[in-house]
Amino acid sequence: MKFLFHLGRYAKLMRMVFSRPEKPGIYWKRTVEELEILGVNSIGIVLIISFFIGAVITIQTAYNIENPFIPLYLIGLGTRDSIMLEFSSTLVGLILAGKVGSNIASEIGTMRVTEQIDALEIMGINSASYLILPKIIASLIFNPILCFISMIVGVFGGWAAGVAAGVVSSDQYIFGIQYAFIPYYILYAQIKTLVFAFIIASVSAYQGFYTFGGALEVGKASTRAVVFSNILILFLDLLLTQMLLT
Amino acid sequence: MIEGIGIFKSFGDKEVLKDINVTFEPGMTNLIIGQSGSGKTVLLKSLVGLHEIDKGRIEYDGRNFTDMSHNDRKNIRKEIGMVFQGGALFTSLDIEKNVMFPLNMFTNMSFEERLERTNFCLKRVKLENVNKLYPAEISGGMQKRVSIARAMALNPKYLFCDEPNSGLDPLTAIVIDNLIREITIEYQMVTVVNTHDMNSVMEIGDKVVFIYQGKKWWQGSRDDIFDSENKELNDFVFASPLSKKLKKMK
Ligand SMILES: Nc1ncnc2c1ncn2[C@@H]1O[C@H](COP(=O)(O)OP(=O)(O)OP(=O)(O)O)[C@@H](O)[C@H]1O
Ligand SMILES: [Mg+2]
């Protein structure tokens, strides 16, 4: 029953979020700010993690190929597919849920407990829309870019590690990443990324918006934001994969 | 004029407001006093619709606020200024942007006009040269004053202040009290102030409503307080030895 209560309240919040904005110009300015806070500031972490995961996948794949009859270019192919299918969308989503989700929940939660949201409401401003809509839009715009960056950097990390460790030659790896390439995978990853972006921004905002109490509750809201976003991402990953790949 | 008629409000099975009837007139400072936890903040938030009341009616100059649609309420809210107990300044914006915020949202003024209005309001609360500081960088008393300046920005018809001078030294507290009273008279606003500060009561209590355990227990002007025989009111107002002496002298 608790679940239904949250679902109903979440739906109500989303209806408020997507109602007509008071001053579109101001919303656009807010969105640009959020693009920087939520998007640009996440590039670093995505670069680092993608590079290392790409590197590790390559080394592991190479380690698993002991049979001399298996061509080494499959290492490049394996790395590419792992990165494109799962890592750049789902894992990056999980990481962003931790970074961006907790940021959103604690910011909005703090505004709630310090009455800043009441202050907006009392001015006659739709606080849900004013605070949350720019975050959702910024995430929908920027997370696909992050996903794309992750693909490129992950595949590059695999190349760098593979060549440096001497497990695959540069030519073999580059041949591998081009071999049997299915462009649809990019679309598949981007669709997942868009769904996850919406989940992270809206679920975290929901947790923050209905915080009640003080600093301790803000902390709890932020933890819940990350946990629920993660669970939903994993669940939807399964669902979307069923729908899009089979 | 703001009228509250038979207001009831509970949280779960906890009854906080019980049958409150109040009227607040323009051009005078109306105070709501009462112990911590007596329901002052809940009453103020109910009056402005931040809490939905369970029973009763609230009218703004004859306009039934309680049964109004969300959009009509918004229009009344544009005529309301509110100073929250904790200031509620936007922490991510500097002082200037805080005060300018309502102007950005609800006027089509040019930037120069908005800046001029912002500086006027800040000057009115005796704050200058703080425009570019952030709320965290100014003192509590200054934050309260910025909060008043922000509430004033759109020239509200109705002003609500929740303990505007709690946690301030007596001198600053009096400055803020007088400021609220001055702008109330100057703009003929309907002003409602929550307080448990007896200095405020004596300084600006044109009309005083005493809330006791969620009920309206007593009302009158600051002068009536001295003559009142109401036990709970006397226990509350004249709690300190100093004020007991004062009452005897009168
Ligand atoms: N959102 C809420 N949910 C549940 N109970 C609440 C809520 N808000 C207030 N209360 C309860 O209502 C009662 C009155 O609280 P209120 O904040 O109005 O007191 P107050 O008179 O403003 O006190 P203070 O002078 O300390 O600010 C308190 O017992 C409080 O626990
Ligand atoms: Mg209070």
Side-chain angles (χ1 to χ4, degrees), chain A residues 5 9 12-13 15-34 36-38 41 103-104 106-135 138 208-215 218, chain B residues 11-12 41-42 44-52 65 68 70-93 97-108 114 135-136 143 146-148 150-154 156 158-163:
Chain A
F5 166 77
R9 204 168 59 162
K12 215 177 107 198
L13 180 67
R15 227 184 37 227
M16 287 196 285
V17 167
F18 289 101
S19 55
R20 208 172 58 85
E22 278 98 11
K23 270 203 166 180
I26 288 182
Y27 276 66
W28 183 238
K29 247 178 73 191
R30 290 258 306 113
T31 305
V32 173
E33 285 166 19
E34 296 295 351
E36 174 167 358
I37 299 169
L38 304 179
N41 290 349
N103 173 306
I104 292 177
S106 56
E107 180 190 333
I108 296 182
T110 304
M111 292 189 74
R112 165 64 75 196
V113 301
T114 56
E115 297 178 313
Q116 293 178 51
I117 292 183
D118 284 346
L120 285 171
E121 283 293 322
I122 212 66
M123 290 175 194
I125 294 167
N126 177 345
S127 60
S129 172
Y130 177 80
L131 293 174
I132 302 173
L133 190 59
K135 292 188 192 296
F209 199 78
Y210 291 106
T211 307
F212 179 78
V218 173
Chain B
F11 293 102
T41 299
V42 173
L44 212 63
K45 287 193 173 175
S46 299
L47 287 173
V48 298
L50 286 174
H51 291 315
E52 288 303 327
F65 185 71
M68 220 171 244
H70 191 74
N71 272 336
D72 291 337
R73 272 194 187 187
K74 266 195 186 166
N75 290 329
I76 289 199
R77 286 204 169 145
K78 287 169 194 166
E79 303 171 354
I80 293 179
M82 185 152 180
V83 177
F84 286 86
Q85 196 159 349
L89 295 178
F90 301 123
T91 39
S92 59
L93 304 178
K97 294 214 177 80
N98 260 283
V99 179
M100 206 185 276
F101 189 87
L103 301 171
N104 294 343
M105 293 303 284
F106 296 114
T107 70
N108 290 317
R114 280 178 281 145
Q143 288 182 16
V146 175
S147 187
I148 295 175
R150 184 178 68 183
M152 282 169 56
L154 285 173
Y158 315 100
L159 180 66
F160 295 87
C161 305
D162 197 354
E163 305 199 13

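A note on names: the letters A, B, ... follow the listed sequences, proteins ahead of strands, and every chain is numbered from 1.
- Atoms OG and CD, from B/Ser147 and A/Glu115 in turn, are 9.5 Å apart once rounded to the nearest 0.5 Å.
- Summarising the geometry, atom NZ belonging to A/Lys23 is positioned 9.0 Å from atom CZ belonging to B/Phe106; distances are rounded to the nearest 0.5 Å.
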If you apply the rule side chain to side chain contact (heavy atoms under 4.5 Å, CB included), what do you find for B/Phe90 with A/Met111, and how did you get there? CA-CA 8 Å; B/Phe90 301 123; A/Met111 292 189 74; 4.2 Å; yes

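- Within the 4.5 angstrom heavy-atom criterion, only backbone atoms of B/Leu89 (N, CA, C, O) approach chain A.
- B/Arg150 touches chain A through its side chain: at least one heavy atom from C-beta onward sits under 4.5 Å away, while N, CA, C and O do not.
- Atom CG of A/Asp118 is separated from atom CG of B/Asp162 by 10.5 Å, given to the nearest 0.5 angstrom.
- Contacts of B/Asn75 with chain A are absent, with no heavy-atom separation under 4.5 Å from either backbone or side chain.
- Within 6.0 Å of NZ on B/Lys74 lie more than 12 heavy atoms contributed by other residues, nucleotides or ligands.
- Environment of CZ in A/Arg9: crowded, with over 12 heavy atoms of neighbouring residues, nucleotides or ligands closer than 6.0 Å.
- For the set B/Thr91, B/Ile80, B/Ile76, B/Val83, the entry with the most heavy-atom pairs within less than 4.5 Å of chain A is B/Thr91.
- Residues of residues 120-129 of chain A placed with any heavy atom under 4.5 Å of a heavy atom in chain B are listed by number as A/Leu120, A/Glu121, A/Ile122, A/Met123, A/Gly124, A/Ile125, A/Asn126.
- Ring centers of B/Phe101 and A/Tyr130: under 6.0 Å apart, within the cut-off.
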